[in-house]
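Some notes on the structure that comes next.
Numbers here are sequence positions counted from 1.
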Amino acid sequence: MQTLMDGKVRPALSAREVEVLLAWIVRDSKDDVARSLYISPATVGTHIARVRDKYEAVGRSAKSKAALVARALQDGYITLDEL
């Protein structure tokens, strides 16, 4: 975890979690993500669930896809250029 300048806590996402999160954000389905990353849709779901859990653990829940996009942007895990 890392505290940001605004006092919010940034959860420590792994590089793979960030990779899967970005792929999921820019694609229409977990099946599309799975095909693009050569993993199963269940594995995609597991990574997204872990990302959500890590945000929940620092008191910044992200229950929707839009909320996860916002959190990832706020924390610098993704940029608008990647979307």
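Annotation: cation-pi geometry not satisfied between R10 and Y55 (NZ/CZ under 6.0 angstrom from ring centroid, within 45° of ring axis).
Contact detail for I48 and W24: the closest heavy-atom pair is CD1-CE3, 3.7 Å. In terms of heavy atoms, V26 sits closest to E82 at CG1-O, 3.6 Å. Of all heavy-atom pairs between A34 and S40, the closest is CB-C, 3.6 Å. Summarising the geometry of L80 relative to L73, their closest heavy-atom pair is N-CD2, 3.8 Å, with the distance given to 0.1 Å. Residues R60 and V9 share a closest heavy-atom pair of NH1-O, 2.9 Å. Among all heavy-atom pairs drawn from R16 and L37, the shortest one is NH2-O, 3.8 Å.
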### Task
Show your reasoning for whether side-chain contact (heavy atoms from CB on, under 4.5 Å) applies to L21 and H47.
CA-CA 8 Å; L21 178 61; H47 282 295; over 6 Å; no

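A salt bridge is defined here as a Lys NZ or Arg NE, NH1 or NH2 lying under 4.0 Å from an Asp or Glu carboxylate O, and R35 with D32 meets this definition. Salt bridge present: K54 and E17 bring a charged side-chain N and a carboxylate O closer than 4.0 Å.
No side-chain donor-acceptor contact under 3.5 Å links T46 and T43.
Under the 4.5 Å side-chain criterion, counting only non-hydrogen atoms from C-beta, D75 is in contact with P11.
Between the side chain of R71 and the backbone N or O of A66 there is no donor-acceptor pair closer than 3.5 Å.
Note: D53 CG to S61 OG = 11.5 Å, rounded to the nearest 0.5 Å. Taking CD1 of I78 as the start and CD1 of I25 as the end, the distance is 4.0 Å to the nearest 0.5 Å.
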